Amino acid sequence: MMAKSLVGPRPIFFRPYSHTTNSLITPLHFSFSVRHVTFFAAAMSTPAAAAATTIHPSFEILGGAQHRFLPALPHLSRPYRPFPLLAANRHLETIFAAFFRSVPEARLRRECLRTHDGGAVALDWVAGDDRRLPPESPVLILLPGLTGGSEDAYVRHMLIRARSNGWRVVVFNSRGCGDSPVTTPQFYSASFLGDMREVVSHVTARYPNANLYGVGWSLGANILVRYLGQESLNCPLSGAVSLCNPFNLVVADEDFRKGFNNIYDKALSKALCKIFKKHASLFEDMGGEYNIPMAANAKSVREFDDGLTRVSFGFKSVDEYYSNSSSSDSIKHVKTPLLCIQAANDPIAPNRGIPREDIKENPNCLLVVTPKGGHLGWVAGDEAPLGAPWTDPLVMDFIQHLERDAATAPETNCNPGSKEALYHLEVSSERSTCSPSTTFHSKFQRKLATKYSKCNIAKA
């Protein structure tokens, strides 16, 4: 389904800003037919966008940033063709991708980052990249879904693709996920952005001449979009991609407890309980509204959140926690270039929860909805059924486009290619346990009072 806002009887002209001045340049010419939308670029900044780009009707496309980003996404000109049989059922595709998708090998170097509250997260960098890549190489931060980490197939495929294109990649393993240590009686949550801020600050301080980007899946996408919205014009990221975002957690919770979705609910609650039990001693003698037995033996994600998560982060009920932690309310505040990719048949991130109106009105956002894909599936494209998700080339095209525009952007008061510069331009493995990591010093780091682990942080 095409976005209704694009349909019109006559061509529409958009007037993008010049790369070098605030003056207007030659407009982009858009023409329409019943079956497709074609973009003819009179002046474009990338080779991929030099020719006409036809958007195939198998996709739903909308967003205020269509004229900026669609010409740079040639993969959308081809129909979405899910792998036969697997796509016949959204649950089959979701389960197949989770259990049978290949997991590329990658040697990772783990760094444990101590947070302000005494907690810890694990950052997995590709081993050897500090020697192989120049310090100004763009950095991609990957945020896995609930209980996910750097060992997950969809994370590894994106890591390998970005690295092969000259990007520096780091996987952000949240507290307790991906064998990340838990040092305080608090896990991460959909509402908590403190760890995200500290990770971004840490990476920015280490590579001050590089542009930073983020890609998040599922709950990681929800956290990423909330971060973009809260930071707004002050966001250090130059671009971001959200995939399988549940957006509205109240709606997602409603659907999560229906029919076959109970299978996912039980699987995720089991994974949460497993993480919790590994660190149960930290939660002994917790008073107040905590219900530790409920959390330890939760049969659903909602039970776990009721017994532990919502209490840890100060919410009176699970529904209040879900309502206040939904990224659907953040879209209107996002000033960073953002690509959102969803599957219309996603059983965990409901199609009806997508904040379409806010995405449509935001000049920095683009939404692509595929007809199939399940949750974290997208078993389609040239590498199906065992290879990378269909979304990976699209994600790479998007962030490469942003980075190319960043490289040609004029010097401003902010970094070239920063979110603010792009906003004004308009067109433009093996994983070890926590190993010793070097302590990095800078004025920026000292200002933020960020502490880094120097040895086995699990013993801190």
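Note that this is a predicted model, so its numbers are computed, not measured. Values reported hereafter were calculated over all heavy atoms of this structure, with side chains retained and with hydrogens, waters and symmetry mates removed. Position 1 is the first residue of the sequence, and the numbers go up from there.
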Count the heavy atoms of every other residue, nucleotide or ligand shown that sit under 6.0 Å from CG of L386, and state whether that count exceeds 12.
yes
Pairing of E231 and R197 as salt bridge, 4.0 angstrom limit:
yes
More than 12 non-hydrogen atoms from neighbouring residues, nucleotides or ligands closer than 6.0 Å to CZ on R81, yes or no?
no
Looking at L282 and P185, what are the two nearest heavy atoms and their distance?
O-CB, 3.4 Å
Is there a donor in the side chain of Y207 and an acceptor in the side chain of D130, or the other way round, less than 3.5 Å apart?
yes
Please name the pair of heavy atoms, one in S58 and one in P371, separated by the smallest distance, quoted to 0.1 Å.
O-CD, 3.1 Å
Ignoring hydrogens and angles, state whether a donor on the side chain of S328 or S326 is under 3.5 Å from an acceptor on the partner side chain.
no
Under a 4.5 Å cut-off applied to non-hydrogen side-chain atoms, are L140 and L142 in contact?
yes
Using a strict 4.0 Å threshold on nitrogen-to-oxygen distance, state whether D152 and R156 make a salt bridge.
no
Looking only at the side chains, is there a donor atom on one of T115 and D117 sitting less than 3.5 Å from an acceptor on the other?
yes
Taking every non-hydrogen atom, the tightest pair across S232 and K335
OG-CG, 3.4 Å
Measure up the F69 and H401 rings against each other and bin them: parallel (under 30°), tilted (30 to 60°), perpendicular (over 60°).
perpendicular
Any donor-acceptor pair under 3.5 Å linking the side-chain atoms of N245 with those of Q342?
no
Report yes if the distance between the aromatic ring centroids of F313 and F187 is under 6.0 Å, otherwise no.
no
Beyond-backbone contact of I95 with F260, side-chain heavy atoms, under 4.5 angstrom
yes
If the plane angle is over 60° it's perpendicular, under 30° parallel, otherwise tilted; pick one for F304 and F276.
perpendicular
Looking only at the side chains, is there a donor atom on one of W167 and S137 sitting less than 3.5 Å from an acceptor on the other?
no
With the side chain counted from C-beta on, respond yes when I61 and V368 share a heavy-atom pair under 4.5 Å apart, and no when they do not.
yes
Distance-minimising heavy-atom pair for G145 and S218:
CA-CB, 4.0 Å
Check whether the side chains of Q230 and H333 place a donor and an acceptor atom closer than 3.5 Å, and report yes or no.
no
Which heavy-atom pair separates D306 from V311 by the least distance, and what is that distance?
O-CG2, 3.8 Å
Between the side chains of N351 and R356, does any donor sit under 3.5 Å from an acceptor?
yes
Aromatic centroids of F96 and F100 separated by under 6.0 Å:
yes
Quick check for you: to the nearest 0.5 Å, what is the distance between L249 atom CG and D329 atom CG?
9.5 Å
Go through the side-chain N and O atoms of H375 and D346 and say whether any donor and acceptor fall under 3.5 Å apart.
yes
State, without any angle test, whether E111 and H202 hold a side-chain donor-acceptor pair at a distance under 3.5 Å.
yes
Identified side chain to side chain contact (heavy atoms under 4.5 Å, CB included) counterpart of D255 within the set P350, P347, P246
P350
Considering only heavy atoms from C-beta outward, does the side chain of L339 approach that of I341 to under 4.5 Å?
yes
Sole residue of V203, V199, L224, V200 in side chain to side chain contact (heavy atoms under 4.5 Å, CB included) with F172:
V199
Where does the angle between the aromatic ring planes of H91 and Y264 fall among parallel (under 30°), tilted (30 to 60°) and perpendicular (over 60°)?
tilted
Between the side chains of D124 and S150, is a donor N or O closer than 3.5 angstrom to an acceptor N or O?
yes
State, with a plain yes or no, whether a side-chain heavy atom of L394 is found less than 4.5 Å away from one of L76.
yes
Using salt bridge (charged side-chain N to carboxylate O under 4.0 Å, His left out) as the criterion, point out the one residue from E303, E289, E320 that pairs with R310.
E289
Counting C-beta onward and ignoring hydrogens, is there a side-chain heavy-atom pair between K299 and K270 closer than 4.5 Å?
no
Name of the residue among D265, L272, D305 meeting side chain to side chain contact (heavy atoms under 4.5 Å, CB included) with S300
D265
Test log, rule salt bridge (charged side-chain N to carboxylate O under 4.0 Å, His left out), inputs D358 and K332:
CA-CA 6 Å; D358 285 342; K332 62 177 69 72; 3.6 Å; yes
Distance to the ring centre below 6.0 angstrom and angle to the axis at most 45 degrees; does that hold for R101 and W390?
no
So, K360 and E357, do they make that salt bridge, N to O below 4.0 Å?
yes
Stepwise, does the salt bridge (charged side-chain N to carboxylate O under 4.0 Å, His left out) test hold for D179 with K278?
CA-CA 10 Å; D179 290 331; K278 288 173 62 176; 3.5 Å; yes
Looking at every heavy atom in both A295 and C273, which two are closest together, and how far apart are they?
O-SG, 3.3 Å
Looking just at side-chain N and O atoms, do T183 and H279 make a donor-acceptor pair shorter than 3.5 Å?
no
CG (N362) and OG1 (T336) are apart, to the nearest 0.5 Å, by 10.0 Å
Geometric cation-pi criterion R302 and F256, 6.0 Å radius, 45° cone
no
Pairing donors with acceptors under 3.5 angstrom, does anything connect the side chains of Y213 and E403?
yes
